[in-house]
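Structure first, commentary second.
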Amino acid sequence: MKENMIRSAWKQGWVLVCAVVLMVSACGEDGSKEEAGELLPPTVDTPTDVAGDQFVLTWSKVTGATKFQIEVAIDEDFSQLVEPYDPWRLNATRFTVTELDYGTTYYVRMRTERDDELSAYSNVVVATTLDEPGPEPTTALKEVATTFAVGMAVQTSRLTGEHHEVLTREFDQITAEWEMKMSVMYPTEGVYDFTRSDQIVEYGEANDIAIHGHALIWHSSTPTWVEDFAGTNEEFEAMVKEYITTVVTRYKGRVRSWDVVNEAFQDGSGQLRNTVFRQKMGDDYIEKCYQWTRDADPDVLIFYNDYNMTTDAAKLKASLDMADDFVARDVPIDGIGFQMHIAYNGPDRATIEGAAKKVTDRDLLLHFSELDIRANPNDNMSSLTEQRAIDQQAKYKEVVEIYNAIPETSKFALTVWGMIDSETWLTDFHGYVDWPLMYNDDFSVKKAHTGFLQGLE
Ligand code: 9MR
């Protein structure tokens with residue numbers, strides 16, 4: 001009995017082995033009926049992610065391949081192969097060629113291996129690594145931008161030491177990142193707190209730097225007591241009038257300009273946001289705020305400021321319709337602020353230029369008011385690569401070129417929203433790392449800063 005079982009198991013195993021041998025000899029690796037014929041080389045794609053010392057190779061799959069050979073040379077004839085790619089053997093369809101020299105052209109070709117067999121050579125692809133990064137120029141932005149102010153967002157805790165050095169060297173305008181908003185200046189009914197706003201205004205005055213006031217009315221920085229206002233609508237309106245008058249009068253002649261209302265329109269539709277101000281004061285709450293600001297300081301420049309102005313056509317239209325209506329009815333307004341929180345890969349030049357032109361075609365100032373350029377919009381990088389820093393530099397250059405090319409009569413300022421990368425609001429907002437600004441964390445200038453300078457050439 002036992003012997004029979006063993007014999008039958010042995011028999012079954014033998015049949016299985018035969019079947020496998022038959023299948024292998026009759027089929028290609030991919031299961032096709034093709035007999036192992038001519039061994040083909042892979043088709044090598046154009047190298048990608050080219051950096052100073054590496055690039056990425058990808059190539060097509062080859063039926064029957066057991067390995068691939070990669071040869072990297074510094075001459076077209078492949079007589080000077082680069083170690084260890086002489087050849088490098090692997091089983092994959094993607095490989096990063098590393099430890100290369102800066103600014104060097106490399107030629108790559110491949111062959112397929114099938115056991116001891118070798119295919120012909122593939123096509124040859126070429127990649128030139130990036131030049132060794134030299135020191136970025138430290139020319140001061142404000143010295144080169146002669147027709148508009150170069151602005152920087154500041155915080156009271158960032159006005160000394162290296163922040164101060166950079167601010168006074170490079171910038172001739174500052175915007176408080178949060179200290180001049182209603183929730184900070186008017187935290188409790190009847191009790192103002194100008195500690196921080198005064199500090200920023202006094203800093204500007206002491207250092208001959210203009211102050212852009214930001215922002216008197218913003219739904220995101222409205223104190224709770226205002227959101228929950230207990231009085232009548234008339235009392236609410238009187239309170240807002242008193243607040244605007246108090247703040248604008250305090251800084252009269254000291255603050256160059258104000259964002260009076262910030263982000264009043266909804267995304268996509270251009271409809272008015274249903275803020276507490278609209279609910280209690282009516283659809284014309286915006287013009288009331290602009291009029292009270294002008295009444296308190298006849299010389300201060302007053303802006304409407306919003307985000308996505310280059311990409312959200314409905315929002316831009318709503319903002320411009322409002323400005324046109326104000327101008328037609330003698331309601332004061334001097335300009336429009338495009339926040340410009342953008343990315344290295346968009347919006348493109350034509351989109352930004354087109355939106356800017358809609359403002360500059362009118363008798364309005366244009367402020368690029370909160371520029372930052374995300375380098376990592378898809379959260380797929382853990383450090384700023386050289387290539388991405390170069391792409392970001394190109395975008396900084398483009399934005400500055402666009403601003404610099406608008407008519408002089410529309411120019412006001414281009415403000416960057418933060419100094420060193422680790423201090424950007426974007427990290428908290430998106431929950432992952434980015435490097436959207438012009439300075440490294442040691443306050444040295446990035447390529448982005450070089451891009452800003454290039455945009456002014
Ligand atoms: O960057 C600012 C951040 O430090 C503040 O905490 C926040 C709230 O005051 O405001 C941020 O700045 C916003 C600006 O005032 C209006 N446009 C959007 C900016 C980013 O949220």
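The first residue in the sequence is number 1, and the count goes up from there. In listed order, ligands and their atoms are each counted from 1.
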field: Partners passing side chain to side chain contact (heavy atoms under 4.5 Å, CB included) against Val327 (at least two apart in sequence or in another chain)
entry: Ile333
query: Using 30° and 60° as the class limits, which term best fits the ring planes of Trp218 and His214: parallel, tilted or perpendicular?
result: tilted
task: Evaluate the ring pair (Phe, Tyr, Trp, His ring centres under 6.0 Å) criterion for residues Phe68 and Trp88: first the C-alpha distance (whole Å), next the side-chain angles of each, then the deciding distance (0.1 Å), finally the verdict.
output: CA-CA 8 Å; Phe68 293 99; Trp88 181 271; over 10 Å; no
Go ahead and list the nitrogen or oxygen contacts between ligand 1 and the protein that come in under 3.5 Å, distances to 0.1 Å, or just say none.
{"unit_1": "ligand 1", "atom_1": "1 (O)", "unit_2": "Glu177", "atom_2": "OE2", "d": "2.5"}
{"unit_1": "ligand 1", "atom_1": "1 (O)", "unit_2": "Trp417", "atom_2": "NE1", "d": "3.0"}
{"unit_1": "ligand 1", "atom_1": "4 (O)", "unit_2": "Glu177", "atom_2": "OE2", "d": "3.0"}
{"unit_1": "ligand 1", "atom_1": "9 (O)", "unit_2": "Lys181", "atom_2": "NZ", "d": "2.8"}
{"unit_1": "ligand 1", "atom_1": "10 (O)", "unit_2": "Lys181", "atom_2": "NZ", "d": "2.9"}
{"unit_1": "ligand 1", "atom_1": "12 (O)", "unit_2": "Trp417", "atom_2": "NE1", "d": "3.4"}
{"unit_1": "ligand 1", "atom_1": "15 (O)", "unit_2": "Lys181", "atom_2": "NZ", "d": "2.7"}
{"unit_1": "ligand 1", "atom_1": "15 (O)", "unit_2": "His214", "atom_2": "NE2", "d": "2.6"}
{"unit_1": "ligand 1", "atom_1": "17 (N)", "unit_2": "Glu263", "atom_2": "OE2", "d": "3.1"}
{"unit_1": "ligand 1", "atom_1": "17 (N)", "unit_2": "Gln339", "atom_2": "OE1", "d": "3.1"}
{"unit_1": "ligand 1", "atom_1": "17 (N)", "unit_2": "Gln339", "atom_2": "NE2", "d": "3.3"}
{"unit_1": "ligand 1", "atom_1": "17 (N)", "unit_2": "Glu370", "atom_2": "OE1", "d": "2.7"}
{"unit_1": "ligand 1", "atom_1": "17 (N)", "unit_2": "Glu370", "atom_2": "OE2", "d": "3.3"}

query: Can you tell me if Trp435 uses its side chain to pair, donor with acceptor, with the backbone of Arg374 under 3.5 Å?
result: no
- line: For Asp363, the side chain to side chain contact (heavy atoms under 4.5 Å, CB included) test, sequence neighbours excluded, returns none
- prompt: What pairs of residues pass the salt bridge (Lys or Arg N to Asp or Glu O under 4.0 Å) test when at least one of them lies in residues 339-349, not counting sequence neighbours?
  reply: Arg349-Glu353, Arg349-Glu401
